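Quick caveat: nothing in here was measured; it's all calculated off a predicted structure.
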Amino acid sequence: HYMTACLYLSVLVAFAACNAPPVPLDDIFIEKTFVPEECVRAVKVGDYVRYHYIGMFPDGKKFDSSYDRGNTYNVFVGKKQLIEGMDKALVGMCVNERRLVKIPPQLAYGKQGYGDIIPADSILHFDVLLLDVWNPEDGVQIKTYHTPATCPRKVEVSDFVRYHYNGTLLDGTLFDSSHTRMRTYDTYVGIGWLIAGMDQGLLGMCVGERRIITMPPSLGYGENGDGDDIPGQASLVFDVVLLDFHNPRDRITVTNQKVPEPCTRKAVAGDFVRYHYNGSLLDGTFFDSSYSRNRTYDTYVGQGYVIAGMDEGLIGVCVGERRTITIPPHLGYGEEGTGTKIPGSAVLVFDVHIIDFHNPSDNTEVTVTYKPEGCDKQTKKGDFIKYHYNASLMDGTSIDSTYNYAKTYNIVLGANQIVPGMEDGLMDMCVGEKRHLVIPPHLGYGERGVTGEVPGSAVLVFDVELVDMEEGLPEGYMFIWNDEVSPDLFAEMDKDNDEQVEPSEFTDYIIRQVNEGKGRLAPGFDPYRIIDNMFSNQDRDGDGKITVAEFKLKADEAAAHDEL
């Protein structure tokens, strides 16, 4: 019986505790049900807040909810716009913090209650989630979290910028992103094309800089918000990376110049330039390179064949010079860009290396580097000459050298055996003389060049040394007599006295005259080909024999220089 009585008594106590009226609260009670790792900002008296809530009685019965209305509750804190308990409960809350707040009636609706919804002397429970907080005194807040190593220029009012951004509310809700559109946001800064907070937040940025720009609604979209994505009275947070900017007044800039010494000539409008380049955007994004094609870019400068900025940037360059040319879009590819590689309104950066240039009016440039004393004989058209050379491009790239073969290069001047510029450069030269020749492509190998050896439109450089020369015959002659011509010339040729000269007889006779010093063939040519041509010109009827009649008739012709 004693055990039964004790058990009965404990049941009665428990039943009484469960059905007792709530213990009165003297003040609010706060239970933090979720606290974010980082407190972006805590509520202070006078702040404006946006929050969601569910209002309940202690038994869990809901009497109100902002979620049901689909809108946050927006209000100033500490200005008696809320019941006193809620005014106190919101102070110190962080964005994204969640609290269960219990408010006694004296700090809620008291003995009056609230219509048919909240009875008198009700204790109220609120499940609160803070989404946003700001103060009327707030301005734009900037937090830079990446600064580039160099910053030669910062954004100013009226600059045109290209940037990527993620736009979120203060609680982290994403409302927009340029990244998802895979296109930068491009606009002028400081002239009202943007919301005021972004206009301010972009000033002073460097290309490549990343910053968080936070702004109150007064500098964003205000009371009305923007469509379904940005609610009224919302703080905005933009995570921004600046890709490039320029000003409509900008001209090209030339930096990182490396000018070789000496620089004997600078490019002017109308010159034809061969250069290599790497092309990138201002943020370093690569878009093109002549190196990847293993071929220079060749063009006239100052005549509109390239974009205006490059036209201007190549004026005044030296052969071998390297320079960086930065070109604003109005001197580049403008608002449209070039499709996938170069976006509209993009600043362009070209790292340029000048390989060579010339002008269509250029002649061969001849510099005598050594001239022996006693230069009595000078080369002329028709002379057979022997010379050594080292050939290269203007940038020093070796093309060929006779020294590699341990033998001279042998030609007849004026016989079109070499490029015209070399012909010019070897004229009036003495044996032992050395020259430095610069030959423009129109006097060299032209636009086509020599496959695998000389690029098209390349300027050629030759260092030459004349080793030997043999005086040529007068212009138009392939054979001349050193002595008086024999009156019995035909008979001397006609060894078998059959009154006609066979090719073998003709050849043997001419070779004998040359060997005996009585006659000379043009040097530098195949003697037998010359003799064959001489025979053909004497053989009027083409029957392979020269008769007395043909011989005499041909001998009487005034202009028969390569004949007898």
Side-chain angles (χ1 to χ4, degrees), residues 260 262-268 271-274 298 318-320 354-450 453-475 522-525:
C263 176
T264 57
R265 176 177 176 180
K266 296 184 177 183
V268 298
D271 282 349
F272 191 88
V273 181
R274 295 174 56 246
D298 308 339
C318 303
V319 171
I354 306 301
I355 304 302
D356 73 20
F357 65 86
H358 71 279
N359 193 282
S361 63
D362 286 350
N363 294 314
T364 298
E365 180 184 318
V366 179
T367 303
V368 176
T369 57
Y370 173 76
K371 193 159 191 172
E373 295 181 2
C375 179
D376 297 328
K377 279 189 176 182
Q378 294 181 329
T379 55
K380 65 182 184 303
K381 188 175 181 181
D383 287 350
F384 179 62
I385 64 172
K386 299 178 180 181
Y387 62 97
H388 275 300
Y389 69 82
N390 287 317
S392 64
L393 304 180
M394 285 288 279
D395 66 347
T397 301
S398 177
I399 300 173
D400 194 16
S401 174
T402 55
Y403 296 100
N404 294 338
Y405 314 115
K407 62 180 182 179
T408 57
Y409 197 76
N410 309 329
I411 58 102
V412 176
L413 278 176
N416 297 322
Q417 295 176 354
I418 51 176
V419 295
M422 184 63 87
E423 291 262 23
D424 297 337
L426 292 170
M427 289 291 185
D428 303 317
M429 202 171 176
C430 304
V431 172
E433 184 176 338
K434 298 180 181 180
R435 290 181 176 184
H436 180 78
L437 309 178
V438 180
I439 302 174
H442 50 275
L443 297 176
Y445 292 105
E447 295 182 3
R448 293 187 176 183
V450 178
E453 296 183 36
V454 180
S457 300
V459 177
L460 306 177
V461 179
F462 286 89
D463 288 302
V464 298
E465 177 185 3
L466 186 62
V467 175
D468 193 12
M469 64 175 288
E470 181 181 346
E471 188 175 3
L473 303 186
E475 186 173 357
F525 299 98

Are Asn359 and Arg265 side-chain neighbours, meaning at least one heavy-atom pair lies under 4.5 Å?
yes
Between the side chain of Thr408 and the main-chain N/O of Asn410, is any donor-acceptor distance below 3.5 Å?
no
Apply side chain to side chain contact (heavy atoms under 4.5 Å, CB included) to the pair Glu433 and Val368, showing each step before the final yes or no.
CA-CA 8 Å; Glu433 184 176 338; Val368 176; 3.5 Å; yes
In Å, rounded to the nearest 0.5 Å, how long is the span from CZ of Arg435 to OG1 of Thr364?
11.0 Å
Side chains of Tyr370 and Glu465 in contact at under 4.5 Å (non-hydrogen atoms):
no
Can you tell me how far OG of Ser457 sits from NE2 of His442, rounded to the nearest 0.5 angstrom?
11.0 Å
Hey, does Val319 have a side-chain heavy atom less than 4.5 Å from the side chain of Asp395?
no
Leu426 side, atom CG; Leu437 side, atom CG - distance, nearest 0.5 Å:
6.5 Å
Minimum heavy-atom separation for Cys430 and Pro372, please, with both atom names.
CB-CG, 4.4 Å
Using side-chain heavy atoms (C-beta onward) and a distance below 4.5 Å, is Ile385 in contact with Met429?
no
Ile418 side chain reached by Tyr409 side chain, heavy atoms, under 4.5 Å:
yes
Nearest heavy-atom approach of Phe384 to Pro523 is CB-CB, 3.6 Å
Tell me if a side-chain donor or acceptor on His358 pairs with a main-chain N or O of Ile439 at a distance below 3.5 Å.
no
Closer than 3.5 angstrom, by distance alone: can the side chain of Gln417 be matched with the main-chain N or O of Val412 as a donor-acceptor pair?
yes
Please report the shortest heavy-atom distance between Ala458 and Pro455, naming the atom on each side.
CB-O, 3.3 Å
Quick check: are there more than 12 heavy atoms from other residues, nucleotides or ligands sitting under 6.0 Å from CG of Asn404?
yes
Does any non-hydrogen side-chain atom of Leu413 lie less than 4.5 Å from one of Glu423?
yes
Non-hydrogen side-chain atoms of Met394 and Ile355 separated by less than 4.5 Å:
no
Strictly distance-based, threshold 3.5 Å: is any side-chain N or O of Asp383 a donor or acceptor partner for the main-chain N or O of Gly472?
yes
Value for CZ (Phe462) from NE2 (His388), rounded to nearest 0.5 Å, stands at 15.0 Å
Compare every heavy atom of Asn363 with every heavy atom of Pro440, then report the nearest pair and how far apart it is.
CD-O, 3.8 Å
Just wondering, are more than 12 heavy atoms of other shown residues or ligands nearer than 6.0 Å to OH in Tyr389?
yes
Tightest non-hydrogen contact, residues Phe525 and Ala415, listed as CZ-CB, 4.0 Å
Are there over 12 heavy-atom neighbours, none belonging to Gln378, within less than 6.0 Å of that residue's CD?
yes
Lys/Arg N to Asp/Glu carboxylate O, Glu471 vs Lys380, below 4.0 Å
yes
Pick one: which of Asn390, Thr367, Asp463 meets side chain to side chain donor-acceptor pair (under 3.5 Å) with His436?
Asp463
Tell me, do Asp298 and Glu447 make a side-chain contact under 4.5 Å, heavy atoms counted?
no
Leu393/Leu460 under side chain to side chain contact (heavy atoms under 4.5 Å, CB included): CA gap, chis, key distance, verdict
CA-CA 5 Å; Leu393 304 180; Leu460 306 177; 4.2 Å; yes
In Å, rounded to the nearest 0.5 Å, how long is the span from CZ of Phe272 to CG of Asp362?
12.5 Å
What pair of heavy atoms forms the shortest contact from Thr379 to Leu466, and how long is it?
CG2-CD2, 3.6 Å
